[in-house]
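Computed from a predicted structure; not experimentally measured.
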Amino acid sequence: MADENPDDNNFEFIKFLPEGDQKTKSSRDYTGRGSAKYANNEIYEGEYVDGKRNGKGKYNYANGDLYFGDFINNVKHGIGKLTYKEKGEYFGQWENGKRHGEGIFTYPNKDQYSGWWAFGKKEGNGTYIYNDTGMRLVGVWKENKFVSGRWILPNGTYYEGEFDNNKPNKVGVWYFKNGNKVQGTYNQKIIPNDDPDDKKLNIEMKWASNGYLYQNADLVNAHEKF
């Protein structure tokens, strides 16, 4: 994937074109705008400083991904937008070729994450919106996983507590629109998957309140599910 490995300038050139009337066939030590086509069919158009991609530029990857934004010393660094051929679009901050800082990722199914990133992964405060249901996860993320915060339903009811596998786990509280609240505990059970090619976790969730109520996860909110 285009954002997993820092860009470099070690590819063999097929063609380099400087902007204007400068006569050079290589980007070596070149400063100014130019375009380069590499032997792996990737294309860069933009600014160079001392032979390296520095400043604003556009990079077309061989797999169909397209980046437009800032470069420092040949890598994506600063503000930029990467449009992936198959997995959506990211716009925000970059550092050393990876999503790092604040940014927004829009997925092919129109789900959207907006918040903080570290070294290519969701890390820190952020919000994930499910396009098909309108549900939101708002809180703290660690290594791409939602670990604590609020699961907010479209009707205003929300759950606040700890999460595991992006689902409620352990102690938490349900808050309802009428002002009522129920404190309790979610317990997750991983259901074995007989299909080795199916990597999705099958998780059974059970909810037990600390009061007189006892309901499983489906009954707490029968019409809203992950």
Side-chain angles (χ1 to χ4, degrees), residues 1 3 84 86-93 98-226:
M1 294 181 290
D3 61 318
Y84 299 88
E86 297 182 350
K87 71 172 189 176
E89 178 180 281
Y90 172 79
F91 175 75
Q93 295 176 304
K98 295 183 180 294
R99 299 185 292 270
H100 191 90
E102 194 169 9
I104 300 173
F105 201 113
T106 303
Y107 294 84
N109 63 359
K110 305 304 180 183
D111 285 2
Q112 188 175 82
Y113 171 81
S114 60
W116 290 89
W117 301 76
F119 309 107
K121 296 181 179 181
K122 304 179 191 72
E123 186 83 19
N125 291 322
T127 298
Y128 192 102
I129 302 174
Y130 292 87
N131 178 64
D132 59 345
T133 64
M135 293 189 302
R136 290 176 290 156
L137 296 177
V138 181
V140 179
W141 299 73
K142 186 174 180 60
E143 294 188 344
N144 272 343
K145 301 295 185 181
F146 190 60
V147 295
S148 66
R150 294 182 176 183
W151 168 23
I152 304 174
L153 308 182
N155 64 8
T157 297
Y158 68 91
Y159 170 85
E160 186 169 18
E162 299 178 59
F163 287 71
D164 195 13
N165 300 308
N166 292 337
K167 299 178 185 292
N169 195 34
K170 301 180 181 177
V171 177
V173 181
W174 275 102
Y175 294 86
F176 300 92
K177 290 181 65 176
N178 61 7
N180 291 339
K181 63 181 181 179
V182 178
Q183 184 175 4
T185 303
Y186 271 105
N187 289 301
Q188 294 186 10
K189 180 181 178 182
I190 307 297
I191 307 301
N193 193 336
D194 294 331
D195 184 356
D197 296 326
D198 186 356
K199 304 302 182 182
K200 184 178 179 180
L201 283 177
N202 293 318
I203 299 174
E204 179 184 274
M205 298 196 303
K206 288 190 176 181
W207 163 263
S209 74
N210 292 345
Y212 62 89
L213 295 176
Y214 178 84
Q215 295 175 302
N216 64 30
D218 288 338
L219 293 180
V220 168
N221 186 41
H223 64 288
E224 300 284 4
K225 299 180 181 179
F226 277 95

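The closest side-chain heavy-atom distance from W116 to E102 is below 4.5 Å. Counting heavy atoms from C-beta outward, V173 and V182 have side chains that stay 4.5 Å or more apart. Counting only heavy atoms from C-beta outward, the side chains of L137 and Y130 approach each other to under 4.5 Å.
Side-chain N or O atoms of N166 include one that pairs as donor or acceptor with a backbone N or O of F146 at under 3.5 Å. N125 places no side-chain N or O within donor-acceptor distance of the main-chain N or O of V140, the cut-off being under 3.5 Å. Although no hydrogens or angles enter the test, the distance criterion places no donor-acceptor pair under 3.5 Å between the side chain of N169 and the main chain of E162.
I129 contributes atom CD1, which lies 12.0 Å from atom CE of M135 (distance to the nearest 0.5 angstrom). Note that NZ of K170 is 11.0 Å distant from OG1 of T185, once rounded to the nearest 0.5 Å. Interatomic distance, NZ of K122 versus NZ of K142, reported as 14.5 Å (0.5 Å rounding). Between the OH atom of Y175 and the CG atom of L153 there is a distance of 14.5 Å, given to the nearest 0.5 Å. How far NZ of K167 is from NZ of K145: 10.5 Å, rounded to the nearest 0.5 Å. For the atom pair NZ (K181) and CZ (F176), the distance works out to 12.0 Å, reported to the nearest 0.5 Å.
Relative orientation of the W151 and Y159 rings is perpendicular, given thresholds of 30° and 60° on the angle between their planes. Note on ring orientation: taking the six-membered ring where Trp is involved, the planes of H100 and F119 are tilted (angle from 30° to 60°). The aromatic rings of Y90 and F105 lie tilted to each other, with the angle between the two planes from 30° to 60°.
By the side-chain contact (heavy atoms from CB on, under 4.5 Å) test, T106 pairs with I104, Q112, sequence neighbours left out. In this structure, the side-chain contact (heavy atoms from CB on, under 4.5 Å) partners of I152, at least two apart in sequence or on a different chain, are R136, V138, R150, Y158.
The heavy-atom pair separating G134 from P154 by the smallest distance is C-CG, 4.0 Å.
Q188 and N165 share a side-chain donor-acceptor pair at under 3.5 Å.
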